[in-house]
Structures are given as C-alpha cells and as structure tokens.
Engineer: 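Structure below; questions to follow.
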Number of protein chains: 4
Amino acid sequence: MPDSIEAEPAEPRKKRRATPNAVLREDSIHRITEAAFRLFVTRSYAATTLQQIADEVGMTKGAIFFYFQSKENLLLHLLAVAEQSIVTSFAQQAEASSGSAVERLVAFFHHGARQGLERPYQLLCLIQMSIEFSGSETEIGRRVSAIYDKIYGLLAHIVEDGQRNGDLTDAIKPVEFVAMVVAMHDGMMLEWHRRGGRIDGRLLVQAVRMTVLNGVLAQERR
Amino acid sequence: MPDSIEAEPAEPRKKRRATPNAVLREDSIHRITEAAFRLFVTRSYAATTLQQIADEVGMTKGAIFFYFQSKENLLLHLLAVAEQSIVTSFAQQAEASSGSAVERLVAFFHHGARQGLERPYQLLCLIQMSIEFSGSETEIGRRVSAIYDKIYGLLAHIVEDGQRNGDLTDAIKPVEFVAMVVAMHDGMMLEWHRRGGRIDGRLLVQAVRMTVLNGVLAQERR
Amino acid sequence: MPDSIEAEPAEPRKKRRATPNAVLREDSIHRITEAAFRLFVTRSYAATTLQQIADEVGMTKGAIFFYFQSKENLLLHLLAVAEQSIVTSFAQQAEASSGSAVERLVAFFHHGARQGLERPYQLLCLIQMSIEFSGSETEIGRRVSAIYDKIYGLLAHIVEDGQRNGDLTDAIKPVEFVAMVVAMHDGMMLEWHRRGGRIDGRLLVQAVRMTVLNGVLAQERR
Amino acid sequence: MPDSIEAEPAEPRKKRRATPNAVLREDSIHRITEAAFRLFVTRSYAATTLQQIADEVGMTKGAIFFYFQSKENLLLHLLAVAEQSIVTSFAQQAEASSGSAVERLVAFFHHGARQGLERPYQLLCLIQMSIEFSGSETEIGRRVSAIYDKIYGLLAHIVEDGQRNGDLTDAIKPVEFVAMVVAMHDGMMLEWHRRGGRIDGRLLVQAVRMTVLNGVLAQERR
DNA sequence: AATGAATGAGCGTTCATTCAT
DNA sequence: AATGAATGAACGCTCATTCAT
C-alpha cells in the first residue's frame, strides 16, 4: 500500500472508531488518490476532469467532493502525500547518512529512482505540478514552491559540505550546482515518462549517475 | 521577426501580392503566435483560453478562428514554428559541422541555451507539450513525438560516431545516452523556467556543460 | 417551550411513554424546528440548505430526514406550528371577545405585535412563505394560501360586524378593507425585519395603530 | 417600452454604431431583463434558475452570460433599472413638487401604485429582494439597502417638512412615521401580488390612501 | 436515534466553436 | 479582415435524498 501514507483530508466530524466505515473511508480515499495521481500526471491537472477520476474508481463525482472538498483540495492532498513519501523520507535519510557528499548526492538520485519505480506518479506529480503551476500565485503554486525550496535546501546543504571537504569540484557555485542536480533528476524522470516505458529506467538512472560523476568524456581524453 | 517562419495557416481567399493587407495578415498571425507561445508555456495548453490570447493581442476570439481554425490547429502551428527554428536549425548545423562528437554534443547544449535565451517560449513550448501530451493518441501527441524522434535521431547519430571514434565512453549504451542528454537539456530548461529568472541562465548552462563533460568529482578524487 | 405545539412528524416506530427517549425526541424536533424557522426567514427557504440547519443544531442531515422526511415536509411542519400559535390562537381570542369591531381590529394588530416580539420567526415565516410561494401550485403554496384564507375570513367577519354596527367607516368595501389590514400588518412586520432591529418595534406598532385608527392628518386639518 | 431605461450591462469592447447588431443587443438585453424581473419576483432569486430565464426568452444560458457575466450581476442590473424607474423618478417628482407634505405623501402612494400597475415586477423585485437579502453582507444586500436608504431619506424629508408646517400630526416620530409609510406601501404591493390579481389594485390603493389619511374610525366615532 | 458514505439531478459557469454581417 | 451574438457540451460543484449500519 505505497500511497496515502497518513492521509489527512476532510476529518469526519466525530470520533473515528475502527468500524467497517473507517476502513471503507480509508479505502475510498486511497483509490481516489491513486487515480488522481495517475490522471493528473498523464493528462495534466487542468485537462483532467473529476468525472474521469470518478469513472476510474467506480464512484460518482459527488463522492470525490465528499472526501475532498474541491478539485484544488484534492491536488493539495496529493502534494502532501507526495511530499511525505518523497521529500520528507529523503530528508530523514540524508540527515541520518554519514557518507560523503558524493555518496549523499548519489543517494539522492537513487532515492528518486527508487521512488520513481515504486510510485512513479507521486514523483512525477510533484514535477508536473512544478511546471504547470510554476510562478502561479495560487495556493497550489505556493505549496509546490515550498516543496521545491525544501529540496533545494537539502541539496545545498550537501553541496556546501562537499565543496568544503574537497569532495566536489569548486568550479561550480552551489546555487547552480543544486539547480543542475534538480534539473538532471527531474529531466531524467520526465524523459523516462515521455518514453512511456519504452526505455529501461535502471539503465537511464545508471547513465545519468555515471555522467554526473565522471562526465561523458572517455577516460583517455581527459 | 524570429517567430512564425513559414506560417502556413488559413490560406487567404484570394492570392495576394505584398499588399498592405498581406502585411497586416502576417502581423496579426505573428502577434497571435507570440502570445500563444507565452501563455501555453506559462499556464499550459489546457488552462489557456482563446479569450486570454485574444485579449493579449487586442483582438477577439473570432480573429483567432479566422487565422487558425481551431485551438488545436493553433498549437500545431506553434509546434511547426518551434520545430523549424529549433530542431531543423540544429540539424542543419550538426550536419555542416565537422567537429568531434563531443564538440557537437556541446554544440547541442549551446544551441539549446541560445534558443532558450532568444526565444525561451518556443523551446519551452516543445518541452511542455511533450509532457502535457506524452503518449496521448491525438494529432498533437503524434506531432510532438515525431519532433522528439527527430531529436533522438540526430543525437543518436552523433553519439554513435563518438563512440566509434573513441571520443565518448563506451560504458553507456547509445539509447540511454541520448535519453540522458535530452533529459539534461530539457531538465535544465525547465529548472530555469521554474526558477522564473531568479537564477542566471548562463551560469546554469555552464554548470550543466561542465558536469556533462567532466562530472562533479573534484579532479584529485577521480 | 413556545414552538412545536402539536408536533406531528415521523411517528416513532413503537408507541412510547414519556421515556427519556421520548424527551430526547421532542427536544431534537424542537431544536431543528427553531433553527429552521430562523434560517428560512433570514435566508429564504430556497437558499437555506439542510446542512446549515443541521450545523446549527449540531446534528447531521440524516437526523433531519429521520424526523421530517423531506425539506418540504419540514416546512409544512413549520407552517403547522406557526398556524397553531398565531392564527388559531387569534381565532380563539377573537371568538371569545365581546369587544367592538375596532377593539377587535386593534387586538389583531396587538396580537401580531406580541407574536412578532415573542416568536418573530414564526410570524415572519408565514409572511415570507406567502411571498416565496405565492400562487405556486405546490403543496406548500396551497397550505400557505389556506392559512391566509383563514386570516382573511376572520378579519372579514370582524369588518362586516363593524360596518353593520357603524363602528367602521362604510367608505371602504370589506374585501379591500381586509386586504388593507393584512397589508399593513405584514408590511409592518417586514419593515421591522428589514431594519434588523435598528428600529423600536413597539414604536412602529404604535405608529401603525394610530394611523390606522386616526389617519395621519393633524386634528385641526380634518 | 417601460423597462430597461438606460440599460448599462457589459459594455461591448468597441464603439456601438446604430447597426442592426446594436438593435439586436438592446432587444436581447431587454427580453432577458423582463423575464428575469418576472421570474425573480414570482419564484424568488434563489429558486429561479438561469435555464428558466433562458427558456422564457428562447435563448440558451450562454446568452445570459454573454450579456450579464453572472446571475448576481443580472440581479444588480435589475436593481439598477428598478431604482432608476422607481426611486429616481419619484425623487425628481418630489423635488419638483410644491405641494404640502400630505399631498407629497399621497403622491408617493400614487407613484408606487402607478409603477405597480405599469411595471409591477420592477417594484415587486425591489421589495422581494429587500426581504430575500435583508441584512445579508453581499453586494446585493448592500445595494438593496442603499436603495431603501434613499427612499427613507426622501420620505423623512417630506415628513419633517409636514410636521414643521403642522400638516402632519406630531404624535409620531419621523423615523417610525417613515417606517410606517414604507410598511404600508410595500405591504400593499405584496398583498396585491399575493392575491394574484384576484383583487382590484385601484380599490386597494384607495383603501390604503383613505385609511392613511383618515383612519378607519367612522366619522361620528372620533 | 442517528451517522457517514454515496448518489444523481441539476446548478452557475466556462469555453471552443459557428456564423451573419 | 474581423466582430459580436449566440450556441452547446462539458465543467466544478451543490444539495436533497437514500441507505446500511
């Protein structure tokens, strides 16, 4: 049950006993969430209708409004879920790690790759919305920005450490370094999605990792 | 007049010489095209209304229908323009080039960067639509795929040359190599757009180019 | 417990004595009734949702359906309550009265004023619904008309008596006389409600009563 | 053409020549306005759907949105029209009048009665909305309040004059006096509407006027 | 006695599109 | 060459209503 970790939408007015109702509730929320992740990623938020989501899960639009109070709120829920299972979990891992900066950067790519394979739509949802709402002064725009700022912050920390220790080349300034790392990470995910599975995700990750570490020049030419 | 090269929409009812009318016509098409590029990129195709485009250029929706016969057709026109000024021009340059594979790959990044700076919305439009319509079985989806296949083909050619010559490491298979190059290129553009100008485009390009060439490891650690 | 005299909705499944349950039942019905009176008057029937009523009394919509079987039925209940406490009580009083026609007309205004002060929403509900459903061929429309016909009948009786006895001027025909009395009575209540308490109800009643009795011309000008 | 005096909704973006289009425009606006007046009065604003209005005028809902941008805006337009043809015209008349206070009060009733006979739905719309939105903190609520305040002001002026001159009894305070006049005026209109034409409007007006002037007591009883 | 889940009809609104002028 | 009027399908959303528990 990878998704809907700690789903927190629309608290019911009263206590939540472990009744069949509570189970039904969690299940419905989970199914709507899953369907929304997939559709928002494959057709964009604006082009996805609630009817499509409802059809997918075999409910009516009304059911979606019962659990989430609006389309926007549904997306905000998805963002919270995705942030939790992707960003937060990486943050915890990065904090706990005692590896070098390079190891932690590689871990970032691996973490992304693993998430991308296990719950591709969560990661892609984050990326997709960061494009669809980039710079938009809506609540969603602000939420997405906040999530990305968190990622930037985590990576900046690692990069500064690495440059201080001499693990990473000083030739690139931290801000651009971080931007580049995110660019490669997101670009990789999008390219994988664009190819619609007609490319081996693992090989792509490997290619990106090798390139980031060593560059593309053949050994002898350096 | 960088945009609207080879505008082919809405044949005028009578053949026209370079009358004032024809000039007005070109100008109207050009203005609509520019506005559409910008809006489709910043708000996505689905979320942009023809009214917004019409407002932007001071015309009515009817005028857009007069020149382009549908919203979809307008986007197809944008794709043709973008393909022309970005892909085709790169193809010609790559063909003419006598440099090494690495030099030609670097040229790809530089070409993208130059386009990104000169007409950011054209390049971003291509990328954005490749996401918004990835895998969609519409005419637009097919058109976008065709353009990307063209890019993949051009790059594959360069990479194979490079690996044959020993310019590029053999450690990565051509398909994934190309995917990686496109991923980095597009990721870079998106990250630049995401930051909304709060990052220096030139520095970002430089960071990506250096990393692609040499990797991130400090010299002594290799 | 002024409201909900003769509550007749939703017969309980089993005959109940005055058990705690029956008390709870009466209390719930009473609270729903009160809230509905207030909301139907202040926001109109059409614009009031059952959710708003439910929120007001701290129950769920389901509870309302348990006691009253539909929104329409809830309003019919309100009308019955209002008719009982306003029209019927006035009828009894008018019947028992041995005063002159004028005294009984004044009593009508005073009765209305007293009801208006004690349970303003019941009286206003009647008036409001007579406007909202005037001439509508629904059950509610017919119910409201019946209530008003009862009022017209009572007043017509008094007026005819008064004109026969010479208490009231013959210059006005009974039907229009009654219409005028009701118009003034209801208009007064509405004006008081429109002013939202920013006017002294007692002074307004006094002004209307004096005018109805003596007119507005200063004594010496008559 | 009683309604739509100076209709000012949705200014077209460009110049308005006296083309057939402009005529069409005025006609469509006029027909929608008329239908809306009637339906909002007979079924209330909340209970009237735009579909009903569209059906009435043989257009689609979209046409209503083309001219008025929302249901609320349509009502605001109605209020502006009604204010113009009822309140403003009375204000001009009252200003120009050189009669006594009593004559001007009678003129108020006659003005209302004439409006009520010529364009009953405009006057009733004002009254109806003053009930439906009384005290509501919406734009409509504020607009309606402003209109009523204007009426209160006009009448207060007349009453104060009258009491100063001794035309009107001093026994009633101006504020309550005005409230009473409005109450009788509106109550009369509502009663007439409530009876749905089953009563002679002229006789009702006469009854109210006589009562207001002389009261209901027979001459000899005073 | 009352709830929470879910429905379905219909609402106000949007928007690509058509067409007479 | 371009507009303004109008459409119709579909959208996000609301709400009275049903029902198992």
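Heavy atoms only: backbone and side chains are in, while hydrogens, waters and symmetry mates are out. Naming convention: chains lettered A, B, ... in sequence-line order (proteins, then strands); numbering from 1 in each chain.
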Engineer: side-chain hydrogen bond (donor to acceptor under 3.5 Å, both in side chains) with A/Ser130: which residues, sequence neighbours excluded?
Structural biologist: B/Arg194
Engineer: What residues form a salt bridge (charged side-chain N to carboxylate O under 4.0 Å, His left out) with D/Arg143, not counting sequence neighbours?
Structural biologist: D/Glu83
Engineer: Write down the distance between CG (B/Leu39) and P (E/dA16), rounded to a whole number of angstrom.
Structural biologist: 12 Å
Engineer: May I ask you to verify if any side-chain N or O of A/Tyr67 is less than 4.0 angstrom from the OP1 or OP2 atom of E/dA6?
Structural biologist: yes
Engineer: For A/Arg31, check salt bridge (charged side-chain N to carboxylate O under 4.0 Å, His left out) against everything at least two apart and list the hits.
Structural biologist: A/Asp27
Engineer: Under the 3.5 Å rule, do the base of E/dT3 and the side chain of C/Lys61 count as making a donor-acceptor pair?
Structural biologist: no
Engineer: State which residues pass side-chain contact (heavy atoms from CB on, under 4.5 Å) with C/Ala82; sequence neighbours excluded, sorted by chain then number.
Structural biologist: C/Phe37, C/Gln122, C/Leu126
Engineer: E/dT17 C1' sits how many Å from B/Gln69 CD, rounded?
Structural biologist: 12 Å
Engineer: Just jot down the salt bridge (charged side-chain N to carboxylate O under 4.0 Å, His left out) partners of D/Asp55, sequence neighbours excluded, or say none.
Structural biologist: none
Engineer: What is the distance, rounded to the nearest whole Å, between atom CE of A/Met59 and atom C1' of E/dA6?
Structural biologist: 9 Å
Engineer: Excluding sequence neighbours, so at least two apart, what forms side-chain hydrogen bond (donor to acceptor under 3.5 Å, both in side chains) with D/Thr60?
Structural biologist: none
Engineer: In this structure, are over 12 heavy atoms from other groups packed under 6.0 Å from B/Gln52 atom CD?
Structural biologist: yes
Engineer: Between which residue ranges does DNA chain F form stems of three or more consecutive Watson-Crick or G-U wobble pairs, both distances under 3.5 Å?
Structural biologist: E:2-21 with F:2-21
Engineer: Compare side-chain N and O positions of D/Ser28 against OP1 and OP2 of F/dA6 and report whether any pair is under 4.0 Å apart.
Structural biologist: yes
Engineer: In residues 44-53 of chain D, which residues come under 4.0 Å of DNA chain E by heavy atom?
Structural biologist: D/Thr48, D/Thr49, D/Leu50
Engineer: Rounded to the nearest Å, what distance is computed from the CG atom of residue B/Asp27 to the P atom of nucleotide F/dA1?
Structural biologist: 13 Å
Engineer: Can you tell me the distance, in whole Å, between the CZ atom of C/Phe68 and the P atom of E/dA1?
Structural biologist: 14 Å
Engineer: Pick the nucleotide of DNA chain F nearest each of C/Gly62 and A/Glu72; which residue has the one closer to the 5' end?
Structural biologist: A/Glu72
Engineer: Does the side chain of D/Arg25 get closer than 4.0 angstrom to OP1 or OP2 of F/dA5 through an N or O atom?
Structural biologist: yes
Engineer: Using the test side-chain hydrogen bond (donor to acceptor under 3.5 Å, both in side chains), find all partners of D/Thr49 that sit at least two apart in sequence or belong to another chain.
Structural biologist: none
